[in-house]
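Below is one structure; the comments refer to it alone.
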Amino acid sequence: MIEERSAGTILYRKSPAGKLYLLLNYPSGHWDFVKGNIEKGETFKQTVLRETREETGIADVNFIDGFENKVQYHYQRDGEVVHKEVIFFLAETSTEHIEISHEHLGFVWLRFNDALEKLTYKTAQNLLKKVSELGFET
Ligand code: ATP
(Lines give C-alpha, C1' and ligand atoms only; values in the text may rest on other atoms or scores of the structure.)
Protein backbone atom coordinates (compact mmCIF):
# COMPACT_ATOMS: atom_id res chain seq x y z
CA MET A 1 0.00 0.00 0.00
CA ILE A 2 1.24 3.48 -0.86
CA GLU A 3 1.57 5.87 2.09
CA GLU A 4 0.92 9.56 1.52
CA ARG A 5 1.28 12.46 3.97
CA SER A 6 -0.18 15.93 3.66
CA ALA A 7 -0.69 18.90 5.92
CA GLY A 8 -3.46 21.46 5.78
CA THR A 9 -5.44 24.02 7.66
CA ILE A 10 -8.95 25.06 8.45
CA LEU A 11 -8.58 28.71 7.51
CA TYR A 12 -11.06 31.42 8.54
CA ARG A 13 -11.34 35.18 8.41
CA LYS A 14 -13.46 37.51 10.48
CA SER A 15 -16.21 39.40 8.66
CA PRO A 16 -19.13 41.58 9.82
CA ALA A 17 -21.31 38.49 9.30
CA GLY A 18 -19.08 36.39 11.56
CA LYS A 19 -16.24 34.01 10.88
CA LEU A 20 -16.00 32.68 7.33
CA TYR A 21 -14.25 29.41 6.50
CA LEU A 22 -12.36 28.79 3.28
CA LEU A 23 -13.10 25.70 1.20
CA LEU A 24 -11.48 24.74 -2.08
CA ASN A 25 -12.97 22.71 -4.92
CA TYR A 26 -10.45 19.97 -5.77
CA PRO A 27 -9.96 18.70 -9.34
CA SER A 28 -11.59 15.37 -8.48
CA GLY A 29 -14.71 17.33 -7.54
CA HIS A 30 -14.70 17.37 -3.75
CA TRP A 31 -14.73 20.39 -1.42
CA ASP A 32 -12.08 20.44 1.29
CA PHE A 33 -9.71 22.68 3.22
CA VAL A 34 -6.36 23.96 1.97
CA LYS A 35 -3.80 21.15 2.09
CA GLY A 36 -0.92 19.62 0.20
CA ASN A 37 1.85 17.08 0.22
CA ILE A 38 4.69 17.52 2.67
CA GLU A 39 7.98 18.16 0.90
CA LYS A 40 11.25 16.74 2.18
CA GLY A 41 12.61 18.62 5.19
CA GLU A 42 9.44 20.64 5.82
CA THR A 43 7.63 20.86 9.14
CA PHE A 44 3.84 20.45 8.94
CA LYS A 45 3.35 24.16 9.49
CA GLN A 46 5.86 25.06 6.77
CA THR A 47 3.89 22.88 4.38
CA VAL A 48 0.69 24.66 5.34
CA LEU A 49 2.23 28.11 4.81
CA ARG A 50 3.64 27.11 1.42
CA GLU A 51 0.48 25.37 0.22
CA THR A 52 -1.78 28.20 1.39
CA ARG A 53 0.31 30.69 -0.55
CA GLU A 54 0.48 28.46 -3.65
CA GLU A 55 -3.18 27.48 -3.65
CA THR A 56 -4.80 30.79 -2.63
CA GLY A 57 -2.18 33.55 -2.67
CA ILE A 58 -2.80 34.13 1.05
CA ALA A 59 0.42 34.99 2.87
CA ASP A 60 -0.85 35.91 6.35
CA VAL A 61 -1.70 32.76 8.26
CA ASN A 62 -1.87 32.89 12.04
CA PHE A 63 -2.07 29.49 13.67
CA ILE A 64 -4.41 29.06 16.63
CA ASP A 65 -2.60 27.23 19.43
CA GLY A 66 -3.85 23.86 20.57
CA PHE A 67 -5.56 22.60 17.42
CA GLU A 68 -3.82 19.76 15.59
CA ASN A 69 -5.86 16.86 14.26
CA LYS A 70 -5.23 14.02 11.86
CA VAL A 71 -7.61 12.90 9.12
CA GLN A 72 -7.03 9.59 7.35
CA TYR A 73 -8.57 7.88 4.36
CA HIS A 74 -7.88 5.43 1.56
CA TYR A 75 -8.30 6.00 -2.14
CA GLN A 76 -7.32 4.25 -5.36
CA ARG A 77 -4.66 5.63 -7.69
CA ASP A 78 -3.78 3.71 -10.87
CA GLY A 79 -5.29 0.57 -9.36
CA GLU A 80 -3.26 0.85 -6.13
CA VAL A 81 -4.65 1.62 -2.70
CA VAL A 82 -3.26 4.77 -1.13
CA HIS A 83 -3.44 5.31 2.61
CA LYS A 84 -3.35 9.03 3.23
CA GLU A 85 -2.88 10.94 6.47
CA VAL A 86 -3.44 14.68 6.64
CA ILE A 87 -2.48 16.77 9.68
CA PHE A 88 -4.77 19.77 10.04
CA PHE A 89 -4.31 23.01 11.95
CA LEU A 90 -6.67 25.90 12.58
CA ALA A 91 -5.58 29.35 11.43
CA GLU A 92 -6.86 32.88 10.95
CA THR A 93 -6.15 35.19 8.04
CA SER A 94 -7.16 38.78 7.40
CA THR A 95 -6.95 38.35 3.62
CA GLU A 96 -10.21 38.14 1.71
CA HIS A 97 -8.88 38.16 -1.84
CA ILE A 98 -8.01 34.75 -3.28
CA GLU A 99 -5.81 33.99 -6.26
CA ILE A 100 -6.88 30.43 -6.83
CA SER A 101 -4.23 28.10 -8.29
CA HIS A 102 -4.82 26.34 -11.58
CA GLU A 103 -4.88 23.09 -9.58
CA HIS A 104 -8.29 23.97 -8.17
CA LEU A 105 -11.70 24.54 -9.69
CA GLY A 106 -12.90 27.18 -7.26
CA PHE A 107 -13.19 28.44 -3.70
CA VAL A 108 -15.82 29.68 -1.30
CA TRP A 109 -15.89 31.51 2.07
CA LEU A 110 -18.74 30.12 4.19
CA ARG A 111 -20.23 30.43 7.67
CA PHE A 112 -19.54 27.46 9.94
CA ASN A 113 -22.80 25.59 9.33
CA ASP A 114 -22.73 26.17 5.58
CA ALA A 115 -19.13 24.96 5.45
CA LEU A 116 -20.16 21.81 7.34
CA GLU A 117 -22.78 21.13 4.66
CA LYS A 118 -20.51 21.93 1.74
CA LEU A 119 -17.61 19.68 2.80
CA THR A 120 -17.81 16.52 0.73
CA TYR A 121 -16.33 14.00 3.14
CA LYS A 122 -17.47 12.99 6.63
CA THR A 123 -13.87 13.04 7.87
CA ALA A 124 -13.58 16.71 6.92
CA GLN A 125 -16.95 17.49 8.52
CA ASN A 126 -15.87 15.77 11.73
CA LEU A 127 -12.65 17.76 11.69
CA LEU A 128 -14.56 21.05 11.45
CA LYS A 129 -16.88 19.94 14.26
CA LYS A 130 -13.81 19.59 16.49
CA VAL A 131 -13.37 23.36 16.26
CA SER A 132 -16.68 23.95 18.03
CA GLU A 133 -16.12 21.04 20.44
CA LEU A 134 -13.04 22.90 21.67
CA GLY A 135 -15.26 25.72 22.80
CA PHE A 136 -13.87 27.96 20.06
CA GLU A 137 -16.42 30.54 18.97
CA THR A 138 -17.28 29.53 15.41
P1 ATP B 1 -3.31 17.34 -1.88
O2 ATP B 1 -2.13 17.37 -2.80
O3 ATP B 1 -3.93 18.68 -1.61
O4 ATP B 1 -3.05 16.59 -0.57
P5 ATP B 1 -4.83 15.78 -3.83
O6 ATP B 1 -5.71 16.58 -4.71
O7 ATP B 1 -3.59 15.18 -4.42
O8 ATP B 1 -4.53 16.58 -2.52
P9 ATP B 1 -6.86 14.43 -2.25
O10 ATP B 1 -7.62 15.69 -2.04
O11 ATP B 1 -6.36 13.74 -1.04
O12 ATP B 1 -5.61 14.59 -3.22
O13 ATP B 1 -7.73 13.46 -3.12
C14 ATP B 1 -7.25 12.20 -3.56
C15 ATP B 1 -8.44 11.24 -3.65
O16 ATP B 1 -8.93 10.97 -2.33
C17 ATP B 1 -9.61 11.79 -4.44
O18 ATP B 1 -10.17 10.72 -5.16
C19 ATP B 1 -10.58 12.26 -3.40
O20 ATP B 1 -11.90 12.18 -3.83
C21 ATP B 1 -10.30 11.33 -2.23
N22 ATP B 1 -10.49 11.99 -0.93
C23 ATP B 1 -10.07 13.23 -0.60
N24 ATP B 1 -10.40 13.52 0.69
C25 ATP B 1 -11.01 12.42 1.18
C26 ATP B 1 -11.56 12.08 2.45
N27 ATP B 1 -11.55 12.96 3.46
N28 ATP B 1 -12.11 10.86 2.60
C29 ATP B 1 -12.13 9.98 1.57
N30 ATP B 1 -11.61 10.23 0.36
C31 ATP B 1 -11.06 11.42 0.15
Side-chain angles (χ1 to χ4, degrees):
M1 188 157 56
I2 301 167
E3 294 289 337
E4 207 175 290
R5 296 282 176 281
S6 280
T9 186
I10 297 173
L11 189 66
Y12 68 88
R13 67 179 171 87
K14 289 179 180 154
S15 82
K19 285 177 181 151
L20 298 176
Y21 294 80
L22 180 66
L23 303 186
L24 302 183
N25 193 191
Y26 280 75
S28 40
H30 59 291
W31 288 87
D32 204 352
F33 302 106
V34 176
K35 63 175 170 56
N37 283 339
I38 298 161
E39 290 184 356
K40 219 172 157 209
E42 274 183 337
T43 65
F44 297 145
K45 285 184 177 172
Q46 284 171 340
T47 301
V48 170
L49 294 174
R50 179 181 51 74
E51 289 286 345
T52 304
R53 195 188 278 258
E54 287 174 8
E55 295 187 342
T56 69
I58 291 177
D60 71 304
V61 173
N62 299 300
F63 291 105
I64 306 300
D65 283 344
F67 189 97
E68 184 174 334
N69 280 286
K70 187 165 71 180
V71 164
Q72 7 185 1
Y73 48 92
H74 295 88
Y75 70 94
Q76 292 248 1
R77 196 206 305 145
D78 304 326
E80 279 219 66
V81 177
V82 179
H83 171 240
K84 184 157 180 174
E85 290 189 351
V86 190
I87 304 293
F88 278 101
F89 298 98
L90 173 64
E92 179 173 333
T93 182
S94 51
T95 306
E96 176 174 357
H97 181 73
I98 304 282
E99 297 278 354
I100 194 83
S101 82
H102 62 275
E103 288 168 27
H104 292 90
L105 307 174
F107 72 90
V108 68
W109 289 106
L110 291 174
R111 294 299 310 275
F112 185 84
N113 283 327
D114 296 330
L116 263 187
E117 265 187 39
K118 187 86 177 168
L119 284 162
T120 303
Y121 292 107
K122 266 265 146 4
T123 48
Q125 293 167 356
N126 289 339
L127 176 79
L128 185 56
K129 284 180 192 161
K130 291 206 171 101
V131 172
S132 63
E133 286 162 13
L134 273 183
F136 183 82
E137 196 189 318
T138 57

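Counting starts at 1 for both ligands and their atoms, following the listed order.
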Contact atoms of ligand 1, heavy-atom distance to Ser6 under 4.0 Å: 4 (O)

Check ligand 1 against Ser28 and write out every atom of the ligand that is under 4.0 Å from a heavy-atom position of the residue. 17 (C), 19 (C), 20 (O)

Which residue supplies the protein heavy atom nearest to [atom], what is that atom called, and how far is it?
| atom | answer |
| --- | --- |
| atom 24 (N) of ligand 1 | Tyr73 CZ, 3.3 Å |
| atom 27 (N) of ligand 1 | Thr123 OG1, 2.6 Å |
| atom 10 (O) of ligand 1 | Lys35 NZ, 2.6 Å |

Best match, Tyr121, Phe33, Tyr26: closest heavy atom to atom 20 (O) of ligand 1: Tyr121

For a quick test of reading the model, state the closest non-hydrogen atom pair linking Trp109 to Leu20 and the distance between them. CE3-O, 3.5 Å

How close do Ile64 and Tyr12 get, heavy atom to heavy atom, and via which atoms? CD1-OH, 3.4 Å

Taking N or O atoms only and a 3.5 Å limit, does Lys84 qualify as a polar contact for ligand 1? yes

N/O to N/O below 3.5 Å, does that happen between Tyr75 and ligand 1? no

Using non-hydrogen atoms of the residue, decide whether Gly36 is closer than 4.0 angstrom to ligand 1. yes

Between Lys122 and Tyr73, is NZ or CZ placed under 6.0 angstrom from the six-membered ring centre and within 45° of the ring axis? no

Aromatic Phe67 / basic Lys130 pairing, under 6.0 angstrom, 45° off normal: no

Centroid separation Tyr75 to Tyr121 less than 6.0 Å: no

Using the side chain to side chain contact (heavy atoms under 4.5 Å, CB included) rule, take Arg5 and Asn37 through it: C-alpha gap first, then chi angles, then the decisive distance, then the call. CA-CA 6 Å; Arg5 296 282 176 281; Asn37 283 339; over 6 Å; no

Considering only NZ, NE, NH1 and NH2 on the basic side and carboxylate oxygens on the acidic side, decide whether Glu133 and Lys129 come within less than 4.0 Å. no

Please state which part of His30 comes within less than 4.0 Å of ligand 1, counting heavy atoms only: side chain, backbone, both or neither. side chain

